[in-house]
Engineer: 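I'd like to ask you about the structure that follows.
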Number of protein chains: 2
Amino acid sequence: MSHELVKTKGTQIPRYYLIQRSILNRIEKGEWAPGEKIPPEKELAAIFGVSVGSVKTAMLNLSNSGFLNRVQGKGTFVAGSVIGRDRRRLYNFVSDFETQNEPLSVKLQEIKAVEGIAPICGYLTLPPNGQMFRVTRIFTLHESSIILSISYLAQRLFKDIDKLPRDFFESNPLYKLFEDTYKLPTIRYQEMFSAVQAPVEAVNFLQLSESVPLLKVEMLALTFKNVPLEYRISYCNTKDLKLFRMPFRMKTHRWGV
Amino acid sequence: MSHELVKTKGTQIPRYYLIQRSILNRIEKGEWAPGEKIPPEKELAAIFGVSVGSVKTAMLNLSNSGFLNRVQGKGTFVAGSVIGRDRRRLYNFVSDFETQNEPLSVKLQEIKAVEGIAPICGYLTLPPNGQMFRVTRIFTLHESSIILSISYLAQRLFKDIDKLPRDFFESNPLYKLFEDTYKLPTIRYQEMFSAVQAPVEAVNFLQLSESVPLLKVEMLALTFKNVPLEYRISYCNTKDLKLFRMPFRMKTHRWGV
DNA sequence: CGTAATTTGTACGTATGTATG
DNA sequence: TCATACATACGTACAAATTAC
């Protein structure tokens with residue numbers, strides 16, 4: 001029994017926190033991959049040389065923060081991307097506060113190697129002439145095009161993504177592709193909202209008769225250690241449907257509030 | 001010692017959940033008001049006839065969900081509105097992903113009794129000719145007007161709010177006024193985003209030379225039992241600054257991830 | 001199909017550490 | 001310095017879900 005936590009006496013850092021960090025470290029290094037089962041509480045308690053209670057606290061914290069999924073009777077598993085964690089998506093397109101969410105369908109328009117676009121290289125921590133892929137997609141609802149989405153990815157991280165079959169892009173969300181094929185789960189993301197006059201590409205792709213105001217959403221998706229994965233610009237036609245943010249609810253123990 | 005939890009044996013509902021509900025119930029009824037100190041763990045354990053551990057679990061859940069604030073050595077206190085819970089606000093106006101948040105200042109433009117505006121009465125669960133107050137405010141940054149914000153409140157809930165001094169509206173956020181003066185904390189809110197051509201009021205108040213695209217944010221703020229408090233339309237000029245959503249982080253125990 | 005083994009969930013009791021006033 | 005109240009930590013027991021036999 002090799003206790004990994006050599007000593008905590010004399011320190012003010014709680015043991016469960018050290019365990020959290022240790023587990024998270026293994027996940028970040030890919031030692032424990034998304035979907036994988038990690039050792040049970042009792043086993044971890046032995047490994048770390050602490051009580052099951054301390055391991056439980058650590059695992060509950062990591063579960064609450066979305067890094068682990070715990071299932072009674074089965075075990076504890078490494079979670080994937082943030083975005084897919086909740087059953088429902090964070091954003092939906094609705095016509096009113098009361099109406100239900102409508103599912104959008106995706107169509108891949110183009111995937112192309114590009115390089116050196118000024119502010120985007122900065123977001124992706126690439127040099128000014130950095131090699132990127134540009135993924136252009138259209139989101140439609142009932143035959144009408146609602147969103148033009150343009151994603152930029154570092155070629156370094158997503159080798160040969162342009163060789164993948166189109167189907168990969170249309171049957172799954174992009175973050176799922178990152179996670180499954182490239183082992184890069186999305187851990188957090190930032191968003192910026194603004195309103196713009198529709199640029200020409202948007203007028204074409206969204207089949208607008210003229211330049212109308214569009215909701216522009218810029219998103220930066222990051223994985224572990226704040227490494228940027230994707231910078232995305234979405235132009236949303238909010239004439240009929242508006243972008244709705246679900247009220248956030250966190251789960252705590254199994255019986256949340 | 002009058003045990004409030006008569007029995008849980010034979011049921012599948014955990015004790016800590018019943019305690020949660022009981023505490024939350026007292027808060028909703030105003031028995032324990034925002035800011036007030038609630039009995040310590042040991043005392044509650046005696047009241048409910050359970051162990052301190054069960055009370056702790058219940059209180060941690062309520063703390064994580066934002067209904068309670070716990071301070072080591074002081075006690076547990078009833079929290080106020082969601083919006084002010086985190087130190088930083090959920091939304092900020094920035095020019096770029098990297099830039100820091102800029103503090104906006106508020107100016108009350110007008111507060112007026114109005115009635116029967118079609119979809120808004122529905123949002124506020126008022127009859128079609130319902131009596132409301134309309135609060136018009138301008139948010140500025142460095143002398144330039146960024147946001148025109150129009151709030152609608154039910155007169156029934158906010159009696160004589162139009163008699164309050166202007167200062168009340170300009171020195172504090174609106175949710176703070178709701179909570180402090182009317183004892184109505186904001187428990188959750190929904191938002192809808194869209195892009196619109198600036199309407200005439202916005203052109204005037206935001207001193208626009210012409211009609212430009214504006215980010216329109218509709219918000220519905222709710223208190224306990226999903227009672228609507230405020231329906232707000234914000235027109236944001238995103239020419240220079242964009243609406244930025246902070247990456248969400250939840251706290252679990254004191255030493256979060 | 002029932003039974004046992006595994007694993008997490010709930011619950012109790014106790015002891016000690018640490019922040020607050 | 002001391003009492004109070006929450007935080008951390010241990011150990012134990014049983015319940016409930018899942019899987020394998």
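Throughout, a chain's letter reflects where its sequence line sits, starting with A, and its residues are numbered from 1.
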Engineer: Using the test side chain to side chain contact (heavy atoms under 4.5 Å, CB included), find all partners of B:S54 that sit at least two apart in sequence or belong to another chain.
Structural biologist: B:I19, B:V50, B:S51

Engineer: Does A:E218 have any salt bridge (charged side-chain N to carboxylate O under 4.0 Å, His left out) partners at least two apart in sequence or in another chain, and if so, which?
Structural biologist: B:K242

Engineer: Calculate the interatomic distance between B:F48 atom CZ and C:dC12 atom C1'; express it in whole Å.
Structural biologist: 17 Å

Engineer: Any idea which of D:dC10, D:dT8, C:dA11 is nearest the B:S51 side chain?
Structural biologist: C:dA11

Engineer: May I ask you to say whether B:R70 pairs ionically with B:E41, meaning some side-chain N is under 4.0 Å from a carboxylate O?
Structural biologist: yes

Engineer: If you define the side chain from C-beta out and look only at heavy atoms, does anything of A:F168 sit under 4.5 Å from A:L108?
Structural biologist: no

Engineer: Among all residues two or more places apart in sequence or in another chain, which pass the salt bridge (charged side-chain N to carboxylate O under 4.0 Å, His left out) test with A:E31?
Structural biologist: A:R26, A:K29

Engineer: Dot-bracket for DNA chain C, please, read 5' to 3', with Watson-Crick or G-U wobble pairs under 3.5 Å on both distances, ( ) within the strand, [ ] crossing, | other strand, . unpaired.
Structural biologist: .||||||||||||||||||||

Engineer: Report yes if at least one side-chain N or O of A:Y16 is closer than 4.0 Å to OP1 or OP2 of D:dA9; otherwise report no.
Structural biologist: no

Engineer: Nearest whole Å is fine: how far is C:dG9 P from B:R15 CZ?
Structural biologist: 19 Å

Engineer: For A:K107, give me all partners under side chain to side chain contact (heavy atoms under 4.5 Å, CB included), at least two apart in sequence or on another chain.
Structural biologist: A:R166, A:E170

Engineer: In whole angstrom, give the distance that lies between atom CG of A:N64 and atom C1' of C:dG9.
Structural biologist: 14 Å

Engineer: Given atom CG of A:L68 and atom C1' of C:dT7, what is their separation to the nearest angstrom?
Structural biologist: 15 Å

Engineer: Check nucleotides 2-6 of chain D against the protein and report each pair of N or O atoms closer than 3.5 Å, with its distance, or say if there are none.
Structural biologist:
| unit_1 | atom_1 | unit_2 | atom_2 | d |
| --- | --- | --- | --- | --- |
| D:dC6 | OP1 | B:T76 | N | 3.3 |
| D:dC6 | OP1 | B:T76 | OG1 | 3.1 |
| D:dC6 | OP2 | B:E41 | N | 3.0 |

Engineer: Between A:L60 (CG) and D:dT8 (P), how many Å, whole number?
Structural biologist: 13 Å

Engineer: Once salt bridge (charged side-chain N to carboxylate O under 4.0 Å, His left out) is applied, do any residues pair with B:D167, and if so which ones, sequence neighbours excluded?
Structural biologist: none

Engineer: At under 4.0 Å, does any side-chain N or O of B:S54 touch on OP1 or OP2 of C:dC12?
Structural biologist: yes

Engineer: Return the value, rounded to whole Å, for the distance between atom CZ of B:F77 and atom C1' of C:dA19.
Structural biologist: 12 Å

Engineer: A:L62 CG to C:dT8 P: how many Å, rounded?
Structural biologist: 14 Å

Engineer: Sequence neighbours excluded, which residues qualify as side chain to side chain contact (heavy atoms under 4.5 Å, CB included) partners of B:K183?
Structural biologist: none

Engineer: Just jot down the salt bridge (charged side-chain N to carboxylate O under 4.0 Å, His left out) partners of A:K159, sequence neighbours excluded, or say none.
Structural biologist: none

Engineer: Rounded to the nearest angstrom, tell me the gap between atom CG in A:N69 and atom C1' in D:dT18.
Structural biologist: 16 Å

